[in-house]
Amino acid sequence: MALKLEEKNIFLNLDSESKEDAIKRAGRELVNLGCVDEKYIDYMLEREKVTTTYMGMGIAIPHGVNEAKKTIKKSGIVFLQYPNGVDFGEEKAYLVIGIAGKDDEHLEILSNVAIKIEEDLVNRLKDTNDKKDFIEAFGD
């Protein structure tokens, strides 16, 4: 299953906000895309309380806990770019990538993103004003 990354899934130059607000924003955009029910946002916040979704290198990948599966209508991904970062504990995330995976597709989505992540790419994407840079990097 390959997700098609489109410009409507990418949000650039967002002002820094709390990690909870960034997670809620990612969840709202997944709701707006028709991927999840509103309740999924609560599950994303719950996941963050259980274990951080900060992955290193300026990236956080918020997603729901296992119980969230019933709120997922279809797999989806959104990219939120914060040029000044969002505090995730000791670290800053410049890219917050919200994901929802139907059935067990979240593992595939996570691994597809993780494989492509490297420091140079994050540095380029955190400052770009062109959504096409994200599509080139993460589109299949």
Side-chain angles (χ1 to χ4, degrees):
M1 181 247 109
L3 280 179
K4 181 159 172 39
L5 184 58
E6 300 177 62
E7 289 192 16
K8 68 181 180 181
N9 303 56
I10 303 164
F11 303 86
L12 302 179
N13 297 309
L14 299 172
D15 291 331
S16 295
E17 56 191 347
S18 71
K19 76 176 175 181
E20 290 80 13
D21 286 343
I23 291 167
K24 287 178 192 171
R25 183 187 300 261
R28 274 195 311 276
E29 296 305 344
L30 288 168
V31 170
N32 293 341
L33 289 168
C35 299
V36 297
D37 294 333
E38 194 79 28
K39 179 78 177 136
Y40 188 75
I41 299 169
D42 296 332
Y43 289 124
M44 292 174 84
L45 292 166
E46 191 178 318
R47 162 73 65 201
E48 190 64 34
K49 286 181 190 151
V50 173
T51 183
T52 185
T53 56
Y54 182 80
M55 302 296 175
M57 288 191 286
I59 303 259
I61 308 178
H63 54 286
V65 293
N66 283 340
E67 301 84 70
K69 288 180 182 176
K70 61 184 176 277
T71 66
I72 300 172
K73 300 174 187 177
K74 65 180 182 179
S75 294
I77 189 167
V78 293
F79 285 81
L80 281 57
Q81 177 209 58
Y82 292 91
N84 296 312
V86 170
D87 288 329
F88 270 76
E90 304 287 308
E91 304 283 347
K92 275 195 189 296
Y94 299 96
L95 302 178
V96 176
I97 305 169
I99 67 167
K102 188 81 175 133
D103 303 319
D104 286 324
E105 290 178 355
H106 71 282
L107 295 174
E108 189 176 335
I109 297 166
L110 271 171
S111 82
N112 285 343
V113 170
I115 287 167
K116 296 173 183 173
I117 294 298
E118 55 188 47
E119 207 163 333
D120 289 345
L121 178 63
V122 174
N123 286 332
R124 194 169 78 242
L125 293 179
K126 78 175 186 149
D127 294 320
T128 187
N129 289 311
D130 191 348
K131 292 180 178 187
K132 288 182 178 51
D133 290 338
F134 282 84
I135 294 170
E136 281 177 21
F138 292 101
D140 286 331

Pair listing, salt bridge (Lys or Arg N to Asp or Glu O under 4.0 Å) test, anchored in [range], at least two apart:
{"range": "residues 75-89", "result": "D87-K92"}
{"range": "residues 125-136", "result": "E7-K132"}
{"range": "residues 34-52", "result": "K19-E48, D37-K73, K39-D42"}

If you measure from [atom1] on [X] to [atom2] on [Y], what distance do you get to the nearest 0.5 Å?
{"X": "I99", "Y": "I61", "atom1": "CD1", "atom2": "CD1", "value": "6.5 Å"}
{"X": "E17", "Y": "I23", "atom1": "CD", "atom2": "CD1", "value": "10.0 Å"}
{"X": "S75", "Y": "L30", "atom1": "OG", "atom2": "CG", "value": "10.5 Å"}

**Residue pair Y54 / E90, side-chain donor-acceptor N/O under 3.5 Å** = no
Answer yes if [X] and [Y] sit in the same cluster of Ile, Leu, Val, Met, Phe, Trp and Tyr residues linked by side chain heavy atoms under 4.5 Å apart, and no otherwise.
{"X": "L45", "Y": "I97", "answer": "no"}
{"X": "F79", "Y": "I59", "answer": "yes"}
{"X": "F11", "Y": "V86", "answer": "yes"}
{"X": "V65", "Y": "I72", "answer": "no"}
{"X": "M55", "Y": "L125", "answer": "yes"}

My understanding is that only residues two or more places apart in sequence, or in another chain, count here; which of them pass side chain to side chain contact (heavy atoms under 4.5 Å, CB included) with [X]?
{"X": "R28", "value": "K24, R25, I41"}
{"X": "Q81", "value": "L12, N13, P83, L95, T128, F134"}
{"X": "K69", "value": "N66, D104"}

Who clusters with [X]? Use side-chain heavy atoms, under 4.5 angstrom, across I, L, V, M, F, W and Y, and order the result by chain and number.
{"X": "I115", "result": "none"}
{"X": "V50", "result": "none"}
{"X": "Y94", "result": "none"}

**Those residues that, when tested against K70, pass salt bridge (charged side-chain N to carboxylate O under 4.0 Å, His left out) (two or more places apart)** = none
**Fill in**
Taken in chain and number order and not counting sequence neighbours, the residues that satisfy salt bridge (charged side-chain N to carboxylate O under 4.0 Å, His left out) with K8 are none
**Message:** Checking the side chain of K74 only, and the main-chain atoms of G34 only, is there a donor and an acceptor separated by less than 3.5 Å?
**Reply:** no
Kindly give the heavy-atom pair with the smallest separation between [X] and [Y], and that separation in Å.
{"X": "L121", "Y": "A137", "value": "CD1-CB, 3.6 Å"}
{"X": "I77", "Y": "N9", "value": "O-ND2, 2.9 Å"}
{"X": "S16", "Y": "G85", "value": "OG-O, 2.6 Å"}
{"X": "I109", "Y": "A100", "value": "CD1-O, 3.7 Å"}
{"X": "F88", "Y": "A93", "value": "CD1-CB, 3.7 Å"}
{"X": "L80", "Y": "A26", "value": "CD2-N, 3.7 Å"}

**Prompt:** Is there side-chain contact between N112 and F138, with at least one heavy-atom pair below 4.5 Å?
**Reply:** no
**Message:** Could you check whether any side-chain heavy atom of I10 comes within less than 4.5 Å of a side-chain heavy atom of I135, counting everything from C-beta outward?
**Reply:** yes
**Request:** Sequence neighbours left out, what pairs pass ring pair (Phe, Tyr, Trp, His ring centres under 6.0 Å) with at least one residue falling in residues 19-51?
**Result:** none
